[in-house]
Amino acid sequence: MALGEKLFEESGKVVGFKVTKVHPVEGMTLEVSFTSEIKGFGKFPNCRNIGSGTITHYPHGAEDASYQGTLMTAEEGEQFMWWAHEKGKVAEGGKIKGIVILSGFTNSQKLSWMNSLVIAGESEFDPAAQQFRVTAYEWI
């Protein structure tokens, strides 16, 4: 996998969740909503992010998730709407580490370069604190 420049570092918090399914073989499914702050690098802007999604935690420790949301730039309030998929696993200390693949779109002329981005991010979620971090790179 070829990664390009580092785009951003994100830190956020789960602000709501709902358990929608519990099954001994199929695992537990949750609906989550979250907010985060994004510190951009290079031409990627600093942003505020809101999103939601569905996460399935399987009994063997793997995780599968789909999310969607919107970024709003800190300076001019321009929007970038996105969707993402994540695969993860329970790591040492009970944290969940994974990889996120994200893309999206905007009607903003200033952010139009982001319409062709595919973003690969390394994620870490702390279930006890309900907080997460993502370091994201351009996938080339």
Side-chain angles (χ1 to χ4, degrees):
M1 176 162 65
L3 297 178
E5 70 178 273
K6 183 177 183 178
L7 296 175
F8 62 82
E9 290 179 352
E10 176 182 21
S11 60
K13 185 163 185 65
V14 171
V15 295
F17 67 91
K18 175 182 172 184
V19 176
T20 59
K21 180 179 179 180
V22 176
H23 189 277
V25 176
E26 297 173 7
M28 176 175 65
T29 301
L30 302 152
E31 293 174 356
V32 298
S33 55
F34 52 89
T35 62
S36 65
E37 297 289 329
I38 292 177
K39 179 182 189 275
F41 294 95
K43 62 184 176 178
F44 202 94
N46 294 331
C47 305
R48 289 191 166 205
N49 182 38
I50 58 171
S52 62
T54 303
I55 304 169
T56 300
H57 295 282
Y58 295 100
H60 58 280
E63 172 194 279
D64 183 35
S66 293
Y67 307 109
Q68 56 279 322
T70 185
L71 303 176
M72 186 164 294
T73 63
E75 294 174 9
E76 298 174 2
E78 308 239 13
Q79 281 190 301
F80 176 74
M81 287 143 289
W82 57 267
W83 55 92
H85 299 282
E86 179 180 26
K87 295 289 187 180
K89 64 181 180 177
V90 177
E92 190 174 324
K95 293 183 179 178
I96 299 169
K97 294 190 176 194
I99 184 163
V100 180
I101 303 297
L102 181 145
S103 62
F105 66 94
T106 182
N107 291 322
S108 161
Q109 289 290 7
K110 185 174 182 179
L111 300 179
S112 63
W113 65 273
M114 294 170 65
N115 285 331
S116 62
L117 273 180
V118 175
I119 298 169
E122 183 179 14
S123 67
E124 181 178 277
F125 175 64
D126 182 346
Q130 294 291 292
Q131 295 180 337
F132 64 91
R133 294 180 124 359
V134 176
T135 302
Y137 300 85
E138 181 176 8
W139 183 67
I140 52 175

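Just so you know, residue 1 is the first one in the sequence shown, and it goes up from there.
- Between Glu86 and Ser123, the shortest heavy-atom contact is OE2-OG, 2.5 Å.
- Under a 3.5 Å cut-off, the side chain of Gln68 and the backbone N or O of Ser52 do form a donor-acceptor pair.
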Atom pairs and distances, side-chain donor-acceptor, residues 112-122, under 3.5 Å, sequence neighbours left out:
residue	atom	partner	partner atom	Å
Ser112	OG	Gln109	O	3.0
Asn115	OD1	Thr106	N	2.7
Asn115	ND2	Thr106	O	3.2
Ser116	OG	Trp113	O	3.4

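- Applying the salt bridge (Lys or Arg N to Asp or Glu O under 4.0 Å) definition to pairs two or more places apart or across chains, those involving residues 33-44 are Glu37-Arg48.
- In this structure, Val25 shares a hydrophobic cluster with no other residue, the cluster being traced through Ile, Leu, Val, Met, Phe, Trp and Tyr side chains under 4.5 angstrom apart.
- The CZ atom of Phe80 sits 10.5 Å away from atom CG of Asn49, with the distance rounded to the nearest 0.5 Å.
- Counting all heavy atoms, side chain and backbone alike, Ile96 lies closest to Pro127 at CD1-CG, 4.3 Å.
- Atom NZ of Lys13 has more than 12 neighbouring heavy atoms from other residues, nucleotides or ligands inside a 6.0 Å radius.
- Side chains of Val32 and Tyr67 form a contact here, defined as non-hydrogen atoms less than 4.5 Å apart.
- Leu30 contributes atom CG, which lies 12.5 Å from atom NZ of Lys21 (distance to the nearest 0.5 angstrom).
- Every side chain to side chain contact (heavy atoms under 4.5 Å, CB included) that Met81 has, sequence neighbours left out, goes to Thr70, Phe105.
- Residues that satisfy the side-chain hydrogen bond (donor to acceptor under 3.5 Å, both in side chains) test with Glu5, not counting sequence neighbours, are absent from this structure.
- If you take CG on Leu111 and OG1 on Thr73, they are separated by 6.0 Å, rounding to the nearest 0.5 Å.
- Trp82 and Val15 end up in different hydrophobic clusters when Ile, Leu, Val, Met, Phe, Trp and Tyr side chains are linked at under 4.5 Å.
- Evaluation of the ring pair (Phe, Tyr, Trp, His ring centres under 6.0 Å) rule for Phe41 yields no partner, not counting sequence neighbours.
- Legend: residues meeting salt bridge (charged side-chain N to carboxylate O under 4.0 Å, His left out) with Lys89, ordered by chain and number and at least two apart, are absent.
- Across Trp139 and Leu3, no two heavy atoms sit closer than the pair CD1-CD2, 4.2 Å.
- Within the structure, the salt bridge (Lys or Arg N to Asp or Glu O under 4.0 Å) test picks out the following pairs touching residues 60-83 (sequence neighbours left out): Asp64-Lys87, Glu76-Lys110.
- With sequence neighbours excluded, no residue satisfies side-chain hydrogen bond (donor to acceptor under 3.5 Å, both in side chains) with Arg133.
- In this structure, Lys18 NZ and Thr54 OG1 are separated by 10.5 Å, a value rounded to the nearest 0.5 Å.
- The two atoms that bring Val14 and Phe125 nearest to each other are CG2-CE1, 3.8 Å, heavy atoms only.
- Contact between Pro24 and Pro59 at its shortest, heavy atoms only, is O-CG, 3.3 Å.
- The heavy-atom pair separating Met28 from Val19 by the smallest distance is CG-CG1, 4.1 Å.
- The side-chain hydrogen bond (donor to acceptor under 3.5 Å, both in side chains) test applied to Tyr137 returns no partner, not counting sequence neighbours.
- His85 is linked by a side-chain hydrogen bond (donor to acceptor under 3.5 Å, both in side chains) to Ser66, counting only residues two or more places apart in sequence or in another chain.
- Partners of Phe44 by ring pair (Phe, Tyr, Trp, His ring centres under 6.0 Å), not counting sequence neighbours, listed by chain and number: Phe8.
- Between the CG atom in Leu71 and the CG atom in Leu102 there is a gap of 7.5 Å [rounded to 0.5 Å].
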